[in-house]
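Data first, discussion second: the structure below is written as structure tokens.
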Protein chains: 2
Amino acid sequence: MPAVDALALDRQVCFALAAASRSVIGLYRPVLEPLGLTHPQYLVMLALWESSPRTVRNIGEALALEPAPLSPLLKRLEAAGLITRSRKVDDERSLDVELTVAGRALRSRAEGVPAQIVERLGMPVAELEATRDALTRLLEASR
Amino acid sequence: MPAVDALALDRQVCFALAAASRSVIGLYRPVLEPLGLTHPQYLVMLALWESSPRTVRNIGEALALEPAPLSPLLKRLEAAGLITRSRKVDDERSLDVELTVAGRALRSRAEGVPAQIVERLGMPVAELEATRDALTRLLEASR
DNA sequence: CGCTAACAATTAGTACACTAACGAATTACT
DNA sequence: AGTAATTCGTTAGTGTACTAATTGTTAGCG
């Protein structure tokens, strides 16, 4: 393949990925705004609704995120009253992140979010799941 | 489907999308670093290698980007000596962005980028193309 | 036992991205 | 013609992300 075409394909793949990511996250914005959450904060809450407490590093592994961006994000969630942050008793290097009552309560309001997004996208659920699986393979291949 | 499944992290398209986007862009970082480009800057240069000059708005439409983040980004490319920024003569609201000689010259060094990424991913090109098509449909559906 | 290596989280610095507000220029309408 | 509505780019403010350096803590080894 000539380099000119390789640049074109590359432009298509990395552009499609970055643009779709920005655009889909933009769809979440008005849906999450009433909950007082940004999209990365929503992902952290999803991780905590699955399991709480868990450490900063453990959340980072679940979300493929470094502790660096999590640190200020978690402070905002703490300021919003959704989580508590406290050093582990058996290892003071680690920070336990735990849902508050308000954080747990927010879950029921968040349960409608996925359906709203799927409806807004107007794509068959099967195609969304296939795309998600393709993205998961891409994620695995890239790390 | 119970809400417990709807909120499962590993079922979320938005998580796979955000994580894959961050991770793949991370792959570009060491490859683009010798060129002195970040990933969004690389996308802008790709757009300019296809057509130059073009206006800020026109670049934004090609990349699905608002003028707001483009404005400081283009100033950095100008500071790097890769582009020039000048008001259009026939409409002084618009800004013409044009490649410099150095900007055009950078293209030959960038032509090796796609192959490096594809090789690093280790995925069949056909699967990459299928994923690109799925992402394009997702992008279209989301805007 | 003490020193060092490894580890967890935070911080600093740079660069995006979004919304909203703004200033300057152009077009449209009466 | 002249005002109003649009359009284009920039800026301010908030919130991510990344790398690298830092602080504090634990574990391992001679």
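All values below were derived from every heavy atom in this structure, side-chain atoms included, with hydrogens, water molecules and symmetry-related copies excluded. We name chains A, B, ... by the order of the sequence lines, and we start the count at 1 in each one. Bear in mind that the values here come from a model prediction, so they are computed numbers and not experimental data.
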Applying side-chain hydrogen bond (donor to acceptor under 3.5 Å, both in side chains) to B:Arg143 and not counting sequence neighbours gives none

Its contact letters, B for base, S for sugar-phosphate only and - for none at protein heavy atoms under 4.0 Å, make nucleotides 18-28 of chain D read SB----BBS--

Residues at least two apart in sequence or cross-chain that pass side-chain hydrogen bond (donor to acceptor under 3.5 Å, both in side chains) with A:Asp91, listed by chain then number, are A:Arg93

Residue set satisfying side chain to side chain contact (heavy atoms under 4.5 Å, CB included) with A:Thr84, at least two apart, ordered chain then number -> A:Glu98, A:Thr100

Note: chain A reaches DNA chain C at heavy-atom distances under 4.0 Å over the stretch, first to last nt, 5' to 3', of C:dC7 to C:dC18

Residue pairs passing the salt bridge (charged side-chain N to carboxylate O under 4.0 Å, His left out) test with at least one member in residues 74-87 of chain A, sequence neighbours excluded, are A:Glu78-A:Arg85

Under 3.5 Å, side-chain donor or acceptor atoms of residues 16-24 of chain A against the rest of the protein: list the pairs with distances, not counting sequence neighbours.
from	atom 1	to	atom 2	distance (Å)
A:Arg22	NH1	B:Ala64	O	2.6
A:Arg22	NH2	B:Leu63	O	3.2
A:Ser23	OG	B:Ser142	OG	2.6

Every protein N/O lying under 3.5 Å from an N/O of nucleotides 1-4 of chain D:
none

With sequence neighbours left out, the residues meeting side-chain hydrogen bond (donor to acceptor under 3.5 Å, both in side chains) with A:Arg120 are none

Sorted by chain and number, sequence neighbours left out, side-chain hydrogen bond (donor to acceptor under 3.5 Å, both in side chains) with B:Arg137 holds for A:Glu127

Residue set satisfying ring pair (Phe, Tyr, Trp, His ring centres under 6.0 Å) with A:Tyr28, at least two apart, ordered chain then number -> A:His39, A:Tyr42

If each end axis of the helix from C:dC1-D:dG30 to C:dT30-D:dA1 is fitted on five C1' pair positions, the angle between them, to 10 degrees, is 10°

